[in-house]
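See structure below.
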Amino acid sequence: MARVGLSTERLVRAGAELADEIGFEQVTASELARRFDVKVASLYSHVKNSQDLKTRIALFALEELADRAADAIAGRAGKDALVAFANVYRDYGREHPGRAAAARMRLDPETAAGSAGGRHSQMTRAILRGYDLTEPDATHAVRLLGSVFHGYASLETAGGFSHSAPDSEETWTRILDALDALLRNWPTEPTPRSTG
């Protein structure tokens with residue numbers, strides 16, 4: 001490919017595709033330059049270095065995932081919203097394993113604050129309002145859901161559930177049922193024991 005037409009957006013999209021093909025950790029400016037058949041220096045007017053490229057891919061993935069999640073939960077509530085939201089994360093992880101890994105990249109506080117990560121949290125909290133959770137339990141629940149959604153998708157994509165019965169689809173359905181039941185019956189904070 002000729003250099004003409006290189007742009008930051010085009011490089012980030014190509015980097016996201018590359019992440020899905022070879023893994024997010026393997027994405028570098030050098031690898032991307034090979035894809036465009038240009039010298040690495042040609043990319044540096046669009047991205048600073050490999051770390052900048054990865055950060056931009058992470059921001060792209062967070063935005064893409066947030067848009068999908070927003071579309072999926074629009075007009076839904078309760079368990080219906082929870083299942084739709086969860087399925088977006090799982091499907092995204094299966095369709096775009098490199099981008100899903102990018103969405104979990106640790107960002108510096110300023111970059112994270114300006115990312116779509118806040119939208120993910122807001123949507124999760126909106127779903128949890130249907131379960132009447134207050135703080136700090138809502139934050140605990142946000143962390144639980146994120147861990148389950150990302151963790152299950154990562155393990156499934158890596159083939160972790162392909163060697164035994166039951167089918168991972170059946171397990172996923174049971175997990176979502178269990179999460180819904182847990183959120184509807186969230187445990188109250190235990191009364192502190194007296195030490196006297």
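Note that the coordinates shown come from a computational prediction; the quantities given were computed from them, not determined experimentally.
- Remark: Arg13 engages Glu9 in a salt bridge (charged side-chain N to carboxylate O under 4.0 Å, His left out) (not counting sequence neighbours).
- Every residue two or more places apart in sequence or in another chain that forms a side-chain contact (heavy atoms from CB on, under 4.5 Å) with Val47 is listed here: Leu43, Asp52, Leu53, Arg56.
- Among residues two or more places apart in sequence or in another chain, the side-chain contact (heavy atoms from CB on, under 4.5 Å) test is passed with Asp71 by none.
- The OG1 atom of Thr55 lies 9.0 Å from the NZ atom of Lys48; values are rounded to the nearest 0.5 Å.
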Scan the side chains in residues 93-104 for donor-acceptor partners under 3.5 Å anywhere in the protein, sequence neighbours excluded, and list what turns up.
from	atom 1	to	atom 2	distance (Å)
Arg94	NH2	Asp91	OD1	3.2
Glu95	OE1	Arg68	NH1	3.0
His96	ND1	Asp20	OD2	2.8
Arg99	NE	Asp20	OD2	3.0
Arg99	NH1	Glu64	OE1	3.0
Arg99	NH1	Glu64	OE2	3.1
Arg104	NH1	Ala100	O	3.2
Arg104	NH2	Ser154	OG	3.3

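- For Asp180, the salt bridge (charged side-chain N to carboxylate O under 4.0 Å, His left out) partners at least two apart in sequence or on another chain are Arg184.
- Tyr89 is linked by a ring pair (Phe, Tyr, Trp, His ring centres under 6.0 Å) to Phe85, His120, Phe149, His150, counting only residues two or more places apart in sequence or in another chain.
- Side-chain contact between Leu128 and Val142 is present, with at least one heavy-atom pair separated by less than 4.5 Å.
- For Arg174, there are no salt bridge (charged side-chain N to carboxylate O under 4.0 Å, His left out) partners at least two apart in sequence or on another chain.
- Once rounded to the nearest 0.5 Å, the distance linking CG of Leu59 with CG of Leu107 reads 6.0 Å.
- With sequence neighbours excluded, the residues that form a side-chain contact (heavy atoms from CB on, under 4.5 Å) with Thr139 are Arg125, Glu135, Arg143.
- Pairs passing the ring-ring contact (aromatic ring centres under 6.0 Å, His included) check and including a residue from residues 38-58, sequence neighbours excluded, do not occur.
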Pairs under 3.5 angstrom only: tabulate donor-acceptor contacts from the side chains of residues 158-168 to other protein residues two or more places apart or in another chain.
from	atom 1	to	atom 2	distance (Å)
Ser162	OG	Gly159	O	2.8
Asp167	OD2	Glu169	N	2.9
Ser168	OG	Glu156	OE2	2.7

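- Both Leu183 and Ile73 are assigned to one and the same hydrophobic cluster, defined by single-linkage of ILVMFWY side chains at heavy-atom distances under 4.5 Å.
- Counting heavy atoms from C-beta on, the side chains of Leu176 and Thr173 never come closer than 4.5 Å.
- Asp177 is linked by a salt bridge (charged side-chain N to carboxylate O under 4.0 Å, His left out) to Lys79, counting only residues two or more places apart in sequence or in another chain.
- Counting heavy atoms from C-beta outward, Thr171 and Ile175 have side chains that approach closer than 4.5 Å.
- Scanning for side-chain contact (heavy atoms from CB on, under 4.5 Å) contacts around Gln26 gives Ile22, with sequence neighbours left out.
- Trp172 has its ring centre less than 6.0 Å from the ring centre of Tyr152.
- Taking 4.5 Å as the limit, some side-chain heavy atom of Leu182 sits within range of a side-chain heavy atom of Leu144.
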